[in-house]
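None of these values were measured; they are calculated from a predicted model.
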Amino acid sequence: MLLLEAHQLKHYVKDRLLLDINQLKVHRGDRIGLVGKNGSGKTTLLNILAGELAPEAGRVFRQTEAALLPQLKRTDPVKSGGEVTQEYIANAFIKAPEILLADEPTTHLDTEHIEWVEKNLMKWKGAFVVVSHDREFLDNVCTKVWEITDGVLKEYVGNYSEYAKQRDLRVRQQQADFQNYEAKKKQLEEALKSKEKKAERATKKPKSVSKSEAKESKPYFAKKQKKLQKTGKAIEKRLEQLEKVEKPKEMPPIKMNPPNMEVMKGRIILRVEGVSGKAGERLLWNKKSFHVSGGDKMAIIGPNGSGKTTLVKEILNTVEGISINPSVKIGYFSQNLNIIDVEKSILENVSSSSRQEESLIRIVLARLHFYGDDVFKKAGVLSGGERVKVALAKLLLSEINTLILDEPTNFLDIEAAEALESLLKEYDGTLIFVSHDRRFVNTIATRILQIKDQEINIFEGTYEQFKRKSEQTNEDTSKQQKLILQTKISEVLSRLSLEPSEELDKEFQQLLAEKRRLENS
């Protein structure tokens with residue numbers, strides 16, 4: 001059943017055409033992920049579909065209510081951002097509209113609550129369109145993807161990974177089309193040169209021919225030249241009519257060579273010995289000892305409020321119990337972006353702390369989608385996401401060998417997050433980072449540090465391997481709990497058969513309720 005459709009939508013930001021969408025439809029049961037670069041118009045489109053904003057051209061037809069879960073959520077001085085987000089989502093789920101338009105519903109949520117949102121959306125009976133930068137989230141909840149590029153909306157069937165495969169196939173096809181175009185163009189240009197040379201030679205007297213013979217042959221050669229020139233004109237026309245194919249942007253490999261890494265690779269560079277964490281009087285984690293080696297890529301994960309940022313700050317401040325190798329040069333990224341000078345250009349900001357050649361700096365900036373003259377833009381005119389990319393490029397290219405990043409993908413669109421991933425995978429230095437982005441963690445991390453239930457646990461391996469191990473442990477624990485519970489039920493049932501009492505019956509009912517809870521969890 002068709003719930004919503006829109007035709008000939010156009011919307012401008014000043015003189016820029018932001019949205020130019022011929023048609024879109026939402027049917028009952030649709031699970032749509034809306035993707036595109038920051039500033040591409042995703043939020044604007046959701047507002048138009050919800051009726052919160054009128055398009056400058058075109059119409060939206062709604063057969064039912066479309067509820068908007070906005071990106072900019074109210075602030076509450078006594079609640080965290082994650083708690084406010086949870087409240088918004090819970091209220092939306094209670095109302096259960098037939099169409100839910102959700103703009104970044106996982107903002108500020110930790111992994112546990114992101115997975116809670118996923119489970120609720122998977123059970124959703126209506127339709128939804130969701131904007132998210134979380135690829136794992138889009139993979140788990142969506143069966144269709146809308147992509148906005150240059151104002152135009154394209155629809156792809158499948159989840160985010162399937163969309164990404166189709167997008168990559170499109171790039172490879174463009175590469176093949178460009179190569180074919182270049183080959184055809186070269187062939188025509190060479191044919192044109194050949195005809196022009198032949199036409200030029202056609203009127204020249206051959207050395208073996210006398211003047212009188214040449215004079216008699218002049219009309220023949222003139223006719224031949226005219227024919228060659230006509231062929232040349234035809235080739236020129238074919239060149240003009242040859243449909244131009246743009247060359248896809250290619251990302252060259254990068255070698256950044258962080259200082260001192262040849263002597264630190266694989267050696268212990270940071271020791272934590274018997275260090276605990278506190279927030280005021282509240283214990284975040286009990287005393288723990290661990291180490292970090294040169295070249296490690298360690299992700300710090302855990303629920304909101306568990307102490308991830310506190311641990312990062314204890315490392316940066318080298319509190320008692322933490323020792324760092326003197327050769328370690330740390331670069332720290334946080335959300336306040338205080339390393340950016342808004343009066344300087346992108347290139348000036350990055351170059352000011354780098355010894356790398358400008359050519360390499362521009363390659364790194366291109367990988368983060370700052371192409372050509374973009375690098376001369378003043379940092380003051382950039383969006384939040386663009387400033388994040390400049391700050392990250394500045395750190396990557398500085399004279400440091402250890403990066404500590406706190407939620408680096410928070411303000412990045414998917415394309416930028418993937419670009420950062422590729423750079424960090426190639427980074428030869430040491431990396432310690434905090435993130436709730438499961439795909440980002442799984443792509444980069446080779447070690448996992450989890451803070452949970454006031455304990456720090458270290459896992460050697462990827463996030464996917466860590467999850468499998470955790471699920472197996474939880475399954476084993478659940479089986480053990482069920483076995484213990486079943487033993488208790490059998491004991492109480494045995495006693496009830498011998499000496500019935502209200503107290504035993506109450507205990508029996510409580511045990512049965514606990515068994516049902518375990519089976520449903």
Side-chain angles (χ1 to χ4, degrees), residues 2-13 16-74 84-85 87-93 95-109 114 117-118 120-121 124 126-135 137-138 141-156 159-160 163 383-385 411-415:
L2 185 63
L3 300 179
L4 178 150
E5 62 180 319
H7 298 279
Q8 306 302 321
L9 290 183
K10 287 184 187 292
H11 199 80
Y12 290 82
V13 173
R16 179 169 75 94
L17 182 58
L18 181 67
L19 296 173
D20 186 10
I21 299 169
N22 289 330
Q23 185 184 60
L24 61 80
K25 294 181 179 182
V26 179
H27 296 85
R28 179 170 288 155
D30 273 352
R31 277 98 172 86
I32 301 166
L34 178 58
V35 303
K37 291 181 181 177
N38 288 339
S40 62
K42 302 185 295 294
T43 295
T44 301
L45 178 59
L46 288 191
N47 278 281
I48 289 171
L49 297 182
E52 300 286 328
L53 178 68
E56 293 182 40
R59 289 193 64 187
V60 178
F61 302 90
R62 302 174 200 86
Q63 309 300 327
T64 184
E65 180 195 2
L68 179 67
L69 188 66
Q71 181 183 12
L72 298 174
K73 302 169 177 68
R74 65 178 174 81
V84 173
T85 303
E87 188 180 304
Y88 263 77
I89 295 169
N91 287 337
F93 287 159
K95 291 175 185 174
E98 283 201 82
I99 305 175
L100 177 66
L101 304 168
D103 197 355
E104 294 287 356
T106 61
T107 302
H108 303 303
L109 295 185
I114 291 171
V117 176
E118 285 176 356
N120 278 278
L121 285 178
W124 192 260
F128 62 76
V129 180
V130 60
V131 172
S132 181
H133 293 161
D134 188 325
R135 291 156 292 168
F137 177 78
L138 292 174
V141 303
C142 296
T143 56
K144 194 181 287 183
V145 172
W146 286 351
E147 176 199 64
I148 298 181
T149 306
D150 298 326
V152 177
L153 186 142
K154 290 183 182 177
E155 185 173 293
Y156 296 82
N159 62 13
Y160 180 81
Y163 149 76
S383 68
F411 298 102
L412 299 183
D413 56 41
I414 291 176
E415 199 173 319

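- With a 6.0 Å radius and a threshold of 12 heavy atoms from other residues, nucleotides or ligands, Asp150 has its CG atom at or below the threshold.
- Side-chain atoms of Asn38 come within 3.5 Å of backbone N or O of Phe411 as a donor-acceptor pair.
- Rounded to the nearest 0.5 Å, atoms SG (Cys142) and CZ (Arg135) are 14.0 Å apart.
- Minimum heavy-atom separation, Ile414 to Ser132: CD1-O, 3.7 Å.
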Going through the checks in order, is the side chain to side chain contact (heavy atoms under 4.5 Å, CB included) test met by Ile48 and Val60? CA-CA 8 Å; Ile48 289 171; Val60 178; 3.8 Å; yes
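- To the nearest 0.5 Å, the span separating NE2 on His11 from CG on Asp20 amounts to 13.0 Å.
- Atoms OG1 and CG, on Thr44 and Leu9 in that order, are 11.5 Å from each other to the nearest 0.5 Å.
- Closest of all the heavy-atom pairs between Lys37 and Lys42 is O-NZ, 3.1 Å.
- In plain terms, the two heavy atoms of Gly41 and Leu19 that are nearest each other are O-CD2, 3.9 Å.
- Annotation: side chain of Leu24 is in contact with side chain of Leu4 (closest heavy-atom distance under 4.5 Å).
- With rounding to the nearest 0.5 angstrom, the CZ atom of Arg59 is 13.0 Å from the CD atom of Gln8.
- A distance of 9.5 Å separates NE2 of His27 from CD1 of Ile32, quoted to the nearest 0.5 Å.
- With hydrogens and angles disregarded, a donor-acceptor distance shorter than 3.5 Å links the side chain of Glu56 to the backbone of Tyr12.
- Looking only at distances, a side-chain donor or acceptor of His133 sits under 3.5 Å from a matching main-chain atom of Leu412.
- Leu46 is not listed as a side-chain neighbour of Leu69, based on a closest heavy-atom distance of 4.5 Å or more.
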Just do the side chain to side chain contact (heavy atoms under 4.5 Å, CB included) check on Leu45 and Ile21 with the steps written out, would you? CA-CA 10 Å; Leu45 178 59; Ile21 299 169; 4.0 Å; yes
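- The two residues Pro97 and Ala67 have their closest heavy-atom pair at CG-CB, 3.5 Å.
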Passes side chain to side chain contact (heavy atoms under 4.5 Å, CB included), Leu3 versus Asp30? Steps please. CA-CA 10 Å; Leu3 300 179; Asp30 273 352; over 6 Å; no
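- The line from CG of Leu153 to CD of Glu147 is 8.5 Å long, rounded to the nearest 0.5 Å.
- Looking at residues two or more places apart in sequence or on another chain, you find a side-chain contact (heavy atoms from CB on, under 4.5 Å) between Gln23 and His7, Lys25.
- The heavy-atom pair separating Leu68 from Ala50 by the smallest distance is CB-CB, 3.9 Å.
- Side-chain contact between Val117 and Val141 is absent, with no heavy-atom pair separated by less than 4.5 Å.
- Under the 30°/60° scheme for interplanar angles, the aromatic rings of Tyr156 and Tyr163 are found to stand perpendicular.
- Not one N or O on the side chain of Asp103 forms a donor-acceptor pair closer than 3.5 Å with the backbone of Val131.
- Between the side chain of Arg31 and the backbone N or O of Asn159, no donor-acceptor pair lies under 3.5 Å.
- By the 4.5 Å heavy-atom criterion applied to side chains, Ile99 and Leu49 are not counted as neighbours.
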Stepwise, does the side chain to side chain contact (heavy atoms under 4.5 Å, CB included) test hold for Phe128 with Val26? CA-CA 8 Å; Phe128 62 76; Val26 179; over 6 Å; no
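- Heavy atoms only, all atoms of each residue included: Phe137 and Pro105 are closest at CZ-CG, 4.2 Å.
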